[in-house]
Amino acid sequence: MSLSQYGAFIKTVECGSLTKAAEALGYTQSGISHLLNALEKDMQMTLLIRERSGVRMTSDGQQLLPYFQAICNGYHNLSAKVKEIQRLESGLVRVGTFTSVSAQWLPGMIAAFQIDFPHIQFELLHGTNEENEAWVKNGRVDCAFVRVPGDEQLEIIFLRRDPLVAVLPENHPLAEQPTFPLANLPHYAYIKLYEGIDEEVPEVLELFQAWNLQPEVRFSEKDDYAIVAMVEKGLGISILPELVLKDTGRRVVSKVLDVPAYRDLGVAVRDQSLLSASAQTFLTYVQRWIAEEYGDGDRF
């Protein structure tokens with residue numbers, strides 16, 4: 001059984017004649033007869049009664065006609081939807097992200113994308129770096145913002161190097177210094193940003209280990225923007241990615257460290273060749289937005 005057989009049956013019923021149906025579908029009369037005979041053979045029942053004046057359905061044919069029509073209509077709707085998606089007239093892009101990227105990058109990226117593709121929908125999932133990687137691997141999201149280097153099973157596109165900075169209250173004794181002397185960190189109350197089960201952010205932990213520092217941790221907080229608010233109130237200082245500090249509106253001072261420290265950010269996918277057209281195109285817009293926002297000089 002095939003769509004062509006169903007279509008031949010439907011058109012023959014509509015036209016009431018094998019000859020007219022053959023003309024409408026571009027078949028010879030023998031060709032459409034072959035399709036109908038094959039359908040009846042596969043169904044093991046008679047669907048049409050051929051008469052000199054034309055054709056008419058049997059009771060079995062009348063019962064099956066709506067199902068044949070539903071199958072053919074469904075196929076045509078599917079074909080139309082595929083073409084619509086290929087033209088990016090509809091679709092869904094699922095993105096794994098975290099707070100600073102959601103606040104500072106994604107609005108601009110999505111706005112630029114939707115100028116050209118206004119009907120594409122987005123689903124945003126917020127998680128830790130490990131959750132984002134897991135969501136990409138299990139197919140929960142199409143792509144996710146992650147730290148670089150990342151999981152070796154994923155394809156990761158580098159986007160930008162994000163410096164780590166010291167976050168101080170405006171009245172802090174070191175607020176006027178050109179850089180923050182990392183060796184002085186243990187002298188002040190420290191607010192720790194953690195991921196997962198009370199774990200320090202890897203880049204910050206590596207920094208402390210490299211310089212053999214043990215900060216005086218007074219508070220541990222999972223939300224980076226909450227830490228900025230706590231610093232503003234004089235509860236301590238912190239080391240955070242620079243991206244977190246952009247446009248916060250808080251009365252805090254960010255200082256570049258006197259030693260090099262940063263996190264590298266990228267976007268991860270499981271396999272670019274298996275992405276939907278809308279997700280593939282969004283990745284292009286992500287990279288274009290980064291290049292336009294920061295300039296190529298900020299890339300490797």
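This structure is a prediction, so every number in the text was calculated from the model and none was measured.
- Proximity of a side-chain donor or acceptor of R94 to a complementary backbone N or O of L124 within less than 3.5 Å is not detected.
- Shortest non-hydrogen contact noted between L35 and Q5 is O-CG, 3.7 Å.
- Using modelled atom types, one finds no donor on one side chain facing an acceptor on the other under 3.5 Å when comparing E40 with T46.
- In this structure, E152 does not pair ionically with K137, as no charged nitrogen and carboxylate oxygen lie closer than 4.0 Å.
- In this structure, the separation between CG on L275 and CG on L283 is 6.0 Å, given to the nearest 0.5 Å.
- Salt bridge annotation for E23-K20: absent, with no cationic side-chain nitrogen under 4.0 angstrom from a carboxylate oxygen.
- The shortest side-chain heavy-atom distance between V228 and V244 falls under the 4.5 Å cut-off.
- Remark: N37 CG to R50 CZ distance equals 5.0 Å, nearest 0.5 Å.
- Between M57 and L65, some side-chain heavy-atom pair lies under the 4.5 Å cut-off.
- The number of heavy-atom neighbours closer than 6.0 Å to CZ of R251, taken from other residues, nucleotides and ligands shown, is 12 or below.
- Across all their heavy atoms, D258 and P181 have their closest contact at OD2-CA, 3.3 Å.
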* Asked: For K233 and E170, what are the C-alpha separation, side-chain angles and deciding distance, and is it a salt bridge (Lys or Arg N to Asp or Glu O under 4.0 Å)?
  -> CA-CA 10 Å; K233 295 301 183 181; E170 287 186 330; over 6 Å; no

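- In this structure, the side chains of C15 and K11 come closer than 4.5 Å at one or more pairs of heavy atoms.
- Salt-bridge check for E203 with R147: passed, with a basic side-chain N closer than 4.0 Å to an acidic carboxylate O.
- The 12-atom threshold is exceeded at CD of E216, counting heavy atoms of other residues, nucleotides or ligands nearer than 6.0 Å.
- You'll find the side chain of I239 stays beyond 4.5 Å of the side chain of L193, heavy atoms only.
- Under the 4.5 Å side-chain heavy-atom criterion for Ile, Leu, Val, Met, Phe, Trp and Tyr, L3 and L48 are members of the same hydrophobic cluster.
- Considering L164, V204, D224, L265 in turn, L164 is the only one that fulfils the side chain to side chain contact (heavy atoms under 4.5 Å, CB included) rule with P241.
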* Asked: Can you check side chain to side chain contact (heavy atoms under 4.5 Å, CB included) on V55 and I49, steps first, answer last?
  -> CA-CA 6 Å; V55 296; I49 297 174; over 6 Å; no

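- Heavy atoms from other residues, nucleotides or ligands lying under 6.0 Å from NE2 of H187 number more than 12.
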* Asked: Stepwise, does the side chain to side chain contact (heavy atoms under 4.5 Å, CB included) test hold for D151 with V136?
  -> CA-CA 10 Å; D151 193 302; V136 174; over 6 Å; no

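- Rounding to the nearest 0.5 Å places CG of L205 at 11.5 Å from CG of L213.
- The minimum heavy-atom distance between V148 and G266, with the atom names listed, is CG2-N, 3.5 Å.
- At a threshold of 4.5 Å between side-chain heavy atoms, the hydrophobic network of Ile, Leu, Val, Met, Phe, Trp and Tyr places W211 and I237 in one connected group.
- Among all heavy-atom pairs drawn from S33 and L18, the shortest one is OG-CD1, 3.7 Å.
- Remark: the backbone N or O of Q272 is paired with a side-chain donor or acceptor of Q280 at under 3.5 angstrom.
- By the salt bridge (Lys or Arg N to Asp or Glu O under 4.0 Å) test, K255 pairs with no residue at all, sequence neighbours left out.
- We find that E51 and R56 are joined by a salt bridge, their nearest charged nitrogen and carboxylate oxygen being less than 4.0 Å apart.
- If you look at Y188 and H172, their ring centroids are closer than 6.0 Å.
- The backbone N or O of K192 sits nowhere less than 3.5 Å from a side-chain atom of S238 that would complete a donor-acceptor pair.
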* List the steps, then state whether side chain to side chain contact (heavy atoms under 4.5 Å, CB included) holds for F208 with Q214. => CA-CA 7 Å; F208 292 165; Q214 293 184 339; over 6 Å; no

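- The CG atom of L92 sits 6.0 Å away from the CD atom of E123 when rounded to the nearest 0.5 Å.
- No donor-acceptor pair under 3.5 Å is formed between the side chain of D60 and the backbone N or O of L47.
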* Could you please spell out the steps behind the side chain to side chain contact (heavy atoms under 4.5 Å, CB included) verdict for K246 and E242? => CA-CA 7 Å; K246 185 179 180 182; E242 186 179 58; over 6 Å; no

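- At a threshold of 4.5 Å between non-hydrogen side-chain atoms, the residues V167 and I227 do not count as touching.
- Residue M109 comes nearest to V286 through the heavy atom pair CE-CG1, 3.8 Å, listed as atom of the first residue, atom of the second, then distance.
- Taken from CG in L88 to OG in S278, the straight-line distance is 6.5 Å, to the nearest 0.5 Å.
- The pair R250-E232 counts as a salt bridge, with a side-chain nitrogen and a carboxylate oxygen less than 4.0 angstrom apart.
- V269 places none of its side-chain heavy atoms less than 4.5 Å from the side chain of D142.
- With a 4.5 Å cut-off on side-chain heavy atoms, I110 and Y285 do not count as touching.
- Under the 3.5 Å distance criterion, the side-chain polar atoms of Q177 are left unmatched by any main-chain donor or acceptor of T179.
- A donor and an acceptor atom, one from each side chain of H126 and T99, are nowhere located under 3.5 Å apart.
- Across every non-hydrogen atom of S220 and Y194, the tightest pair is C-CE2, 3.7 Å.
- The cluster map of Ile, Leu, Val, Met, Phe, Trp and Tyr, joined by side-chain heavy atoms under 4.5 Å apart, puts L185 and V253 in different clusters.
- Within the 3.5 Å criterion, the main-chain N or O of T128 finds a donor-acceptor partner in the side chain of E131.
- Taking 4.5 Å as the limit, every side-chain heavy atom of V165 sits out of range of all side-chain heavy atoms of F180.
- Following chains of ILVMFWY side-chain contacts shorter than 4.5 Å, one can reach F98 starting from W289, so the two form part of one hydrophobic cluster.
- D271 and S273 form a side-chain donor-acceptor contact under 3.5 Å, judged by distance and modelled atom types alone.
- A chain of hydrophobic side-chain contacts below 4.5 Å, direct or via other Ile, Leu, Val, Met, Phe, Trp or Tyr residues, connects I10 to I71.
- In this structure, R218 is not positioned above the aromatic face of Y190 in the sense of NZ or CZ being under 6.0 Å from the six-membered ring centre and within 45° of the axis.
- The ring of F113 has its center closer than 6.0 angstrom to the ring center of F122.
- Put simply, CZ on R160 and CZ on R263 are 10.5 Å apart, with the number rounded to the nearest 0.5 Å.
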